[in-house]
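Inspection log for the structure reproduced underneath, given as structure tokens.
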Amino acid sequence: QVQPVESGGGSVQAGGSLRLSCALSGYRFSNRCMGWFRQAPGKEREAVALIYDGGGGRPWYADSVKGRFTISQDDAKNTLYLQMNGLHSDDAAMYYCAADRDAYAGCTVVARAFDYWGQGTQVTVSS
């Protein structure tokens with residue numbers, strides 16, 4: 001059973017940066033979709049950034065984070081990252097790493113399509 005483990009959350013001032021990491025031990029990246037979601041209190045969980053390993057496609061980003069967040073992967077370390085720059089109060093949320101079990105299934109922003117979820121890491125942004 002794959003159990004993603006996130007780290008790297010914390011409290012930063014507006015304009016600051018954080019890098020989230022997600023260790024995906026035992027998970028095969030090849031031709032599968034992985035990503036980061038976030039959920040703020042009282043709001044639905046939303047996709048932030050997705051990456052599909054295979055096919056040469058570009059990562060997908062929510063409009064609200066384009067140009068500020070970067071998703072990447074390190075196959076050797078079986079780790080997914082989310083570099084977050086220019087953080088502002090709207091970015092404050094619990095951030096979750098998610099991975100799809102099925103290969104060749106493409107990528108979707110729909111949370112229920114992902115089989116493996118981490119426990120989340122909290123990001124707090126102060127003004």
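These numbers were taken from a predicted model, which means no experiment stands behind them. Index from 1, following the sequence.
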Could you tell me if the side chain of Ile71 sits less than 4.5 Å from the side chain of Leu50, heavy atoms only? no
What's the separation between atom SG in Cys107 and atom CH2 in Trp60, rounded to the nearest 0.5 Å? 9.5 Å
Selection residues 41-52 - residue pairs positive for side chain to side chain donor-acceptor pair (under 3.5 Å), sequence neighbours left out: Arg38-Glu46, Gln39-Arg45
By ring pair (Phe, Tyr, Trp, His ring centres under 6.0 Å) - contacts of Phe29 (at least two apart): Tyr27
Do Val12 and Met94 belong together in a cluster built from hydrophobic side chains that touch within less than 4.5 Å? no
Starting from Ile51, can I reach Val2 by hopping between I/L/V/M/F/W/Y residues whose side chains sit under 4.5 Å apart? yes
Which heavy-atom pair separates Ala62 from Ala47 by the least distance, and what is that distance? CB-O, 3.6 Å
Under a side-chain separation threshold of 4.5 Å, the hydrophobic residues clustered together with Val5 are none
Just verifying a value: how many Å separate Met34 CE and Asp100 CG, rounded to the nearest 0.5 Å? 10.0 Å
Quick note, side chain to side chain donor-acceptor pair (under 3.5 Å) partners involving residues 69-83, not counting sequence neighbours, are Asp53-Gln73, Gln73-Asp75, Gln83-Asn85
So, taking the atom named CZ in Arg101 and the one named SG in Cys33, what distance separates them when rounded to the nearest 0.5 Å? 14.0 Å
How many angstroms lie between OH in Tyr61 and CG in Leu82, if you round to the nearest 0.5 Å? 7.5 Å
Quick check for you: to the nearest 0.5 Å, what is the distance between Cys22 atom SG and Tyr96 atom OH? 13.0 Å
Closest non-hydrogen atom pair between Gly9 and Val123, with its separation: CA-CG2, 4.3 Å
Applying side chain to side chain donor-acceptor pair (under 3.5 Å) as the test, list every pair that has at least one member in residues 112-127; sequence neighbours left out. none
dist Ser89:OG -> Gln13:CD (nearest 0.5 Å) comes out at 13.0 Å
Partner of Met84 under side chain to side chain contact (heavy atoms under 4.5 Å, CB included), picked from Leu20, Val65, Asp91, is Leu20
Residue list, ring pair (Phe, Tyr, Trp, His ring centres under 6.0 Å) with Phe114, at least two apart or on another chain: Phe37
Do Arg32 side-chain atoms and Ser30 backbone N/O form a donor-acceptor pair below 3.5 Å? yes
Looking at Ala92 and Ala40, what are the two nearest heavy atoms and their distance? O-CB, 3.8 Å
